[in-house]
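Lettering of chains follows the sequences in order, A, B, ..., and the numbering in each one begins at 1. We use all heavy atoms of the structure for the numbers below, so side chains are in, but hydrogens, waters and symmetry mates are not.
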Amino acid sequence: MDETIQAQEAAILEDIGEQLKDYDQNRGSLIPILQMIQQRHQYLPPDSIRKVAEHMEIPSSEVYGVATFYNQFRFHPPGKNPIKVCLGTACHVRAADVILENFERKLGIKEGQTSDDREFSLERVACVGCCALAPVAVVGETIHGHMAPSKVEGLLMRIQIHKEMAEREKEKEKNEQS
Amino acid sequence: MAIITVDGLSIETEPGRNLLSVCLENDIYIPHLCFMEWLDPPHASCRLCYVEVEGKAGPVPSCTVSVASGMAVKTDTVEVRSLQRTALKFFLSAHKVECKVCPANRQCPLQEMAKFLKVPLKSKDLNPRLKEKDLEALQPCFEYYPNRCVLCGKCLHTCERVKGQSLLTFAGRGIDMTVSFYGGLPNEEISCEECAECAAVCPVKAILLVTG
């Protein structure tokens with residue numbers, strides 16, 4: 001798993017190097033460059049910050065300062081199962097913060113982060129648009145309404161079981177073919 | 001030579017000089033936190049060094065004013081003191097007041113200003129807004145105390161002055177803002193450990209050099 005992640009990151013860096021040729025060293029290019037990286041790769045890997053700093057010939061601390069100022073930039077890769085917990089008004093009133101914290105505890109990551117195996121990423125959002133179902137959590141494309149802190153574990157369990165079932169299925173096919 | 005009046009006292013000085021440093025040199029105390037004489041333009045972020053200058057609409061931060069002949073300045077008006085007290089209370093609401101265990105105790109500008117402006121160190125007017133972590137390791141050899149830091153920017157500017165480029169930066173925004181290191185500089189002539197100017201200049205000892 002680690003090797004595939006490393007290979008992915010190397011590919012991302014190579015792609016960024018290629019793209020950077022289109023940008024000049026003007027100070028005004030910094031944010032467009034960061035936006036380009038995020039658009040192509042969904043996040044800003046740590047090495048990409050150094051690479052951009054080299055290209056612009058400014059300290060990497062300055063690039064980091066700019067990138068952390070804007071909420072639109074992410075520093076963690078999206079997980080395979082992105083989890084969004086709604087903390088809009090209706091969900092907030094129905095104690096969505098408890099649900100978010102339970103996700104944080106069960107996954108061992110903080111809001112805005114991604115688990116080490118890149119299976120899950122956790123995010124808070126302002127409103128998903130189905131306040132009647134409050135409190136709401138969105139896993140991938142699926143909306144889970146009427147959430148409760150106690151349902152968090154079941155949700156994660158379901159994803160884990162689905163994943164294991166798919167793996168078994170694959171194994172079976174492999175065995176049948178050989 | 002220009003002659004200006006500060007609180008009724010006439011002072012002779014060179015025109016074009018910084019008003020705040022002229023006042024401080026002449027033993028007229030104006031609360032201040034982020035001011036560094038050599039920095040131009042001034043950082044002017046602490047909003048503490050307000051004075052009233054005759055002819056200007058409202059109080060102005062004195063670190064941004066250049067002395068001109070005939071200028072009449074008041075440092076002790078109701079409006080000025082009220083602005084300073086509010087600013088100081090905001091600083092203290094985001095500051096962990098633990099003077100007894102703090103290395104800056106007795107040489108801390110916050111203590112000095114609180115005494116001068118008669119603001120209690122632990123005010124109940126504003127809710128405390130402390131950050132989650134009390135201590136962070138700062139690359140490569142520093143300790144950083146986010147809840148002591150007043151974000152005056154002195155460390156950043158000093159680093160830039162010494163090394164040509166700053167290794168330190170403000171990270172994050174609003175109440176989550178901290179001072180942070182990111183990466184190093186190529187071909188560094190002086191290592192951070194030898195330099196440590198950022199730790200030396202910090203008025204509240206939020207950056208400490210880790211030795212040994």
Identify every side-chain donor-acceptor pair in residues 122-149 of chain A under 3.5 Å, counting partners at least two apart or on other chains, and give the distances.
residue  : atom : partner : partner atom : Å
A:Glu123 : OE1  : A:Arg74 : NH1          : 3.2

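Neither the backbone nor the side chain of B:Leu156 has a heavy atom closer than 4.5 Å to any heavy atom of chain A.
The CD atom of B:Gln165 lies 9.0 Å from the CD atom of A:Glu57; values are rounded to the nearest 0.5 Å.
Contact residues of residues 26-49 of chain A toward chain B are A:Pro46, A:Ile49 (heavy-atom distance under 4.5 Å). Of all residues spanning residues 63-73 of chain A, those with a heavy atom less than 4.5 Å away from chain B's heavy atoms are A:Tyr64, A:Gly65, A:Thr68, A:Phe69, A:Asn71, arranged by number. Within residues 85-93 of chain B, no residue has any heavy atom closer than 4.5 Å to a heavy atom of chain A.
Shown here is A:Glu153, whose CD atom has no more than 12 heavy atoms of other residues, nucleotides or ligands within 6.0 Å. For A:Asp116, the CG atom is loosely surrounded, since the number of other residues' heavy atoms within 6.0 Å does not exceed 12. A:Lys106 NZ: more than 12 foreign heavy atoms inside a 6.0 Å radius. Enclosure of atom CZ in B:Arg129 is not indicated, since only 12 or fewer non-hydrogen atoms of other residues, nucleotides or ligands lie within 6.0 angstrom. Under a cut-off of 6.0 angstrom, the local environment of NZ in B:Lys131 is crowded, with over 12 non-hydrogen atoms contributed by other residues, nucleotides or ligands. Counted within 6.0 Å of CG on A:Asp22, heavy atoms from surrounding residues, nucleotides or ligands total more than 12; the atom is thus considered enclosed. Taking a 6.0 Å sphere around CD of B:Glu132, one finds it holds 12 or fewer heavy atoms contributed by other residues, nucleotides or ligands. For A:Glu14, the CD atom counts as loosely surrounded, since its 6.0 Å shell holds 12 or fewer non-hydrogen atoms of other residues, nucleotides or ligands.
A distance-only check finds a donor-acceptor pair linking the side chain of A:Ser61 to the backbone of B:Ser166 [under 3.5 Å].
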